[in-house]
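Small disclaimer: the values here were computed from a predicted structure and weren't measured.
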Amino acid sequence: MNPTPPLEAQDRPARLTVGVVGAGRVGPALAAALKLAGHRPVAVSGVSDASVRRAADLLPDVPLVTPAEVLARADLVLLTVPDDALADLVTGLAETGAVRPGQLLVHTSGRYGTAVLDPATRAGALPLALHPAMTFTGTSVDVQRLAGCSFGVTAPEELRMAAEALVIEMGGEPEWIAESARPLYHAALAIGANHLVTLVAQSMELLADAGVRAPDRMLGPLLGAALDNALRSGDAALTGPVARGDAGTVAAHVAELRRHSPQSVAGYLAMARTTADRALAHGLLKPELAEDLLGVLADAGNGPGTAARPAPGPAAHGTGPAAPDTPGSPESPESPDNPDGRDHEPDGPDPDHGPDTPDHGPEGGDR
């Protein structure tokens with residue numbers, strides 16, 4: 001007797017109707033992934049032309065409606081708007097009675113856990129925070145990239161299994177993040193993904209200025225190997241003039257950057273100090289070389305076009321890592337939209353419709 005063949009996604013009964021508030025780069029991709037798992041997208045909201053195109057491409061035949069109507073039609077609602085718009089959106093939806101008891105309300109912000117959904121939770125919604133640690137393009141390739149993608153998951157204990165099941169259905173791997181750890185979790189992703197893009201783009205510009213015809217081709221193998229080594233070995237993978245303590249080479253770098261790209265100097269110095277601290281702490285940089293190196297970095301930091309910085313800390317004397325010596329405090333990342341990291345369109349919900357909020361710019365949402 002032949003075994004019963006497995007049902008394809010389109011042959012399985014849809015278990016949940018799915019709605020998307022904020023048709024940026026993330027929301028339609030997640031809804032498309034849920035559709036492949038047997039759920040049924042029924043409504044999407046978005047304002048910009050780009051949002052309309054994304055919804056049409058990734059969720060064909062799904063009607064474009066107001067946020068309130070999305071909630072009226074869907075059992076599971078994805079709130080994929082910018083981080084700074086999320087709290088006001090949730091409050092507005094709850095105050096206008098759009099939230100239904102028993103409705104699953106999912107946001108994809110890396111910064112927040114479920115506390116930001118409290119107004120909706122008090123109205124009877126079931127709150128979930130599911131943040132894909134992935135950069136999104138707003139195209140169908142994003143659905144494929146979800147396979148094996150880690151999701152930062154935060155939810156009440158009684159909803160933990162449901163949250164993890166949804167992630168697995170989208171092809172992802174759930175990683176439990178405590179509510180209190182969400183800002184640190186998101187900052188870590190921003191350092192690794194958002195700042196990486198800045199560093200790579202800056203490196204390509206400088207190589208082009210140096211006459212390299214194909215900076216991307218030159219950097220590809222190098223950066224691929226560096227990333228692989230770093231993921232395997234951490235700080236033990238450090239190489240280059242800072243880790244070796246080549247103070248003269250670092251001084252030459254700074255001089256060239258001042259001449260050709262003065263806007264790059266502050267970033268170079270900040271990363272060089274941090275690299276030196278970590279190399280010293282892990283025994284890669286000899287203390288006697290570190291003192292000269294950090295002296296060069298301190299002098300360079302007081303040069304033209306940069307703010308004065310204090311002298312290097314204990315790391316210069318081999319007594320342990322010093323805190324990175326950079327001016328100001330890091331800005332709060334938005335999100336590995338990314339990594340978002342965040343690569344999301346500033347396409348928030350339509351401000352003309354009650355609970356919707358005005359556009360708050362890119363990062364974080366209408367992902």
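- Grouping Ile, Leu, Val, Met, Phe, Trp and Tyr by side-chain contacts under 4.5 Å, direct or through others, puts M204 with L196, V200, L207, V212, M218, L219, L222, L223.
- Residues A300 and V254 approach most closely at CB-CG1, 3.7 Å, considering heavy atoms.
- Scanning all heavy atoms of the two residues, the minimum distance from Y185 to G110 falls at CD2-O, 3.7 Å.
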Practice task
Please lay out, stage by stage, how D57 and R53 fare under the test salt bridge (Lys or Arg N to Asp or Glu O under 4.0 Å).
Solution key: CA-CA 6 Å; D57 290 343; R53 286 194 301 271; over 6 Å; no
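- Take V197 and apply the side-chain contact (heavy atoms from CB on, under 4.5 Å) test, not counting sequence neighbours, and it matches no residue.
- Judged purely by atom type and a 3.5 angstrom limit, S233 has no side-chain atom pairing as donor or acceptor with the backbone of A236.
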Practice task
Tell me, with the steps shown, if S140 and L58 meet side chain to side chain contact (heavy atoms under 4.5 Å, CB included).
Solution key: CA-CA 6 Å; S140 59; L58 291 171; 4.0 Å; yes
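- Tracing side-chain contacts under 4.5 Å through hydrophobic residues (I, L, V, M, F, W, Y), one never reaches L289 starting from L238; they form parts of separate clusters.
- In terms of heavy atoms, R54 sits closest to G24 at NE-O, 2.8 Å.
- The backbone N or O of G224 sits nowhere less than 3.5 Å from a side-chain atom of D228 that would complete a donor-acceptor pair.
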Could you give the side-chain donor-acceptor pairs of residues 150-173 under 3.5 Å, partners two or more places apart or in another chain?
residue	atom	partner	partner atom	Å
T154	OG1	I177	O	2.7
T154	OG1	R182	NH1	2.8
R160	NE	E164	OE2	3.2
E169	OE1	H39	NE2	2.8
E169	OE2	R15	NH1	2.5
E169	OE2	R15	NH2	3.0

Practice task
Just do the side chain to side chain contact (heavy atoms under 4.5 Å, CB included) check on T239 and L284 with the steps written out, would you?
Solution key: CA-CA 9 Å; T239 62; L284 302 174; over 6 Å; no
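- Across V52, V21, V62, a single residue satisfies side chain to side chain contact (heavy atoms under 4.5 Å, CB included) together with V44, and that is V62.
- Using a 4.5 Å cut-off on side-chain heavy atoms (C-beta onward), P41 and L34 make no contact.
- Aromatic rings from H107 and H131 are positioned such that their centres are separated by 6.0 Å or more.
- Residues G27 and L78 come closest through the heavy atom pair O-CD1, 3.9 Å.
- Summarising the geometry, atom OG1 belonging to T275 is positioned 9.5 Å from atom CG belonging to L297; distances are rounded to the nearest 0.5 Å.
- Shown here are the side-chain contact (heavy atoms from CB on, under 4.5 Å) partners of T198, two or more places apart in sequence or in another chain: there are none.
- To the nearest 0.5 angstrom, M134 atom CE is 14.0 Å from R25 atom CZ.
- In this structure, the side chains of R145 and T137 come closer than 4.5 Å at one or more pairs of heavy atoms.
- Taken from CG in D88 to CD in E95, the straight-line distance is 9.5 Å, to the nearest 0.5 Å.
- Atom OG1 of T108 and atom CG of L79 lie 8.0 Å apart (nearest 0.5 Å).
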Practice task
Let me see the working for D83 and R111 under salt bridge (Lys or Arg N to Asp or Glu O under 4.0 Å), right down to the final yes or no.
Solution key: CA-CA 7 Å; D83 285 359; R111 171 185 172 187; 5.2 Å; no
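- For the side-chain hydrogen bond (donor to acceptor under 3.5 Å, both in side chains) condition, the pairs that include at least one residue of residues 201-217, sequence neighbours left out, are Q202-S264.
- Contact detail for G245 and L293: the closest heavy-atom pair is CA-CD2, 4.4 Å.
- Linking ILVMFWY residues whenever their side-chain heavy atoms come closer than 4.5 Å, directly or via other members, places V106 and W176 in the same cluster.
- For the pair V77 and L104, the minimum side-chain heavy-atom distance is 4.5 Å or more.
- Between V18 and V42, every side-chain heavy-atom pair lies at or beyond the 4.5 Å cut-off.
- One N or O on the side chain of Q103 and one on the backbone of R100 form a donor-acceptor pair closer than 3.5 Å.
- Between T135 and D142, the closest heavy-atom pair is O-OD1, 4.3 Å.
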Which atom pairs, one a donor and one an acceptor, fall under 3.5 Å between side chains of residues 114-127 and the rest of the protein, sequence neighbours left out?
residue	atom	partner	partner atom	Å
T114	OG1	E179	OE1	3.2
T121	OG1	L117	O	3.1

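- The hydrophobic clustering, which links ILVMFWY residues whose side-chain heavy atoms are closer than 4.5 Å, places V20 and L64 together.
- Counting heavy atoms from C-beta on, the side chains of L199 and Y268 never come closer than 4.5 Å.
- Once rounded to the nearest 0.5 Å, the distance linking CG of D299 with CG of L269 reads 10.5 Å.
- L76 is not listed as a side-chain neighbour of T17, based on a closest heavy-atom distance of 4.5 Å or more.
- Contact of the L93 side chain with the L89 side chain is registered, since non-hydrogen atoms from C-beta on lie closer than 4.5 Å.
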